[in-house]
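The block underneath contains the structure these notes are about, expressed in structure tokens.
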Amino acid sequence: MSSQNLFPTSVIGSLPRPRFVKDLIADNCPFDESEYRRLMSAAIRTAVAMQEAAGLDVVTDGEWWRKSYIGVIAELAHGFELSHNPADGRPWTVVVDKISPKQPGFIAQEIRFLKQLTNRRIKATLPAPALLGERMWDPTKSSKAYPTRDAFVQDCVPILRREAELLRDEGVSILQIDDPHLCLFVDPDVRKQYPDADRAADFAVDMDNQVVDGIQGLKLAVHLCRRAGARARGEAQHSGGYDPILKQLGRLKVGHITMEFTSPGAGDMSVFERLPEHIEIGLGCVSCQPGQIDSAETIFERVEMALKYLKPERITLNPDCGFAPGSAADVSIDEVYTKLQNEVAAAQRLREKYG
């Protein structure tokens, strides 16, 4: 592997949405479909330009076509109702009927447009089935259609797998399953909430595997985090080393796992030694916390810690999490640009040393 192919840089998926982009995806957007698409297309050109100017090797569209990274399931399938979560009043997509295909190719269409804007490698993201179950199944609203949460999760699999196949056909470089739910099983307090935490984690892995198993011709990845992006939204955070889910991680039928390592509770990087050698690690080495800008030196040092346990060709650089997983997240895109510049500068220094 040449030095220029070592330590590739990317984002996780989402980028901060400027206020005008939030207005475009709002329910009360004043534009018709044609004008909306024209304006959003122009906006996404700026998102790609920002990533290319920062020097990233792998780019996304910032997920700006989506209101949320999980809510996109309601574009792919019928059976959902946009409601408000009684706990906090925020918008809430909840399953209320048996789901069925609605717009297969909705996410593939995102990638078809993105390919016109860049010659860089492209990443596409899909929400994990078990994550959808945790966020979108409600015992009151959903039980008529799905008596159990697991039954709903299992019905999500063919919808997501079809989208994965269409993304492969579209020529995407990396297909990433976003599964922060699986990573929550590192937290002892979360594990106590389940009669059998290992069984629940195994189920999440089984569902991820059913989405991607046998799909070839692209890099398959799973994104883990303890909701690092929650810091931008004031949500609960979770801590704990990866040891409790190492068995499950070893069963994932992917070649790449992103793991968060900038937060104090992320645990010891020695866990890398206990993962299968074919797994490439997307090292979360750039903080997503608003106002915290890691220097290139800090990022470089984090990667050097990982190099005690991993060969250089097994490491890619990325932030801990998406920069704006929810449309309400208020994050400075200029600050993110600086963070990504520092990520790229650290990668270049690593290539010079280890190439």
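Atoms considered below: every heavy atom in the structure, side chains included; atoms not considered: hydrogens, waters and symmetry mates.
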List in chain and number order the residues that pass side chain to side chain donor-acceptor pair (under 3.5 Å) with [X], two or more places apart in sequence or in another chain; answer none if no residue qualifies.
{"X": "Glu301", "result": "none"}
{"X": "Gln248", "result": "Asp202"}
{"X": "Lys353", "result": "Glu304"}
{"X": "Asp179", "result": "none"}

What is the distance from atom [atom1] of [X] to atom [atom2] of [Y], rounded to the nearest 0.5 Å?
{"X": "Ile99", "Y": "Leu76", "atom1": "CD1", "atom2": "CG", "value": "9.5 Å"}
{"X": "Asp320", "Y": "Asp294", "atom1": "CG", "atom2": "CG", "value": "8.5 Å"}
{"X": "Leu126", "Y": "Leu131", "atom1": "CG", "atom2": "CG", "value": "11.5 Å"}

Tell me, yes or no, whether the heavy-atom count around Asn119 atom CG, taken from other residues, nucleotides or ligands under 6.0 Å, exceeds 12.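 Atom CG in Asn119 is not crowded, with 12 or fewer foreign heavy atoms closer than 6.0 Å.
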Under the ring-ring contact (aromatic ring centres under 6.0 Å, His included) rule, collect the residues that match up with Tyr337, sequence neighbours excluded.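 Tyr337 satisfies ring-ring contact (aromatic ring centres under 6.0 Å, His included) with no residue once adjacent residues are dropped.
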Does Phe261 have its ring centroid less than 6.0 Å away from the ring centroid of Tyr242?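 Yes - the distance between ring centres of Phe261 and Tyr242 falls below the 6.0 Å cut-off.
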Nearest non-hydrogen partners of Leu182 and Ala204, listed with the distance: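 Looking at all heavy atoms of both residues, the shortest contact is CD1-CB, 4.4 Å.
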Pro244 versus Arg191, closest heavy-atom pair with distance: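 Shortest heavy-atom contact: CB-NH1, 3.7 Å.
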Exercise answer: donor-acceptor pairs, residues 107-114 side-chain atoms, under 3.5 Å, sequence neighbours excluded:
| unit_1 | atom_1 | unit_2 | atom_2 | d |
| --- | --- | --- | --- | --- |
| Glu110 | OE1 | Arg66 | NE | 3.3 |
| Glu110 | OE1 | Arg66 | NH2 | 3.1 |
| Glu110 | OE2 | Arg66 | NE | 3.2 |
| Arg112 | NE | Glu170 | OE1 | 3.2 |
| Arg112 | NE | Glu170 | OE2 | 3.4 |
| Arg112 | NH2 | Glu170 | OE1 | 3.1 |

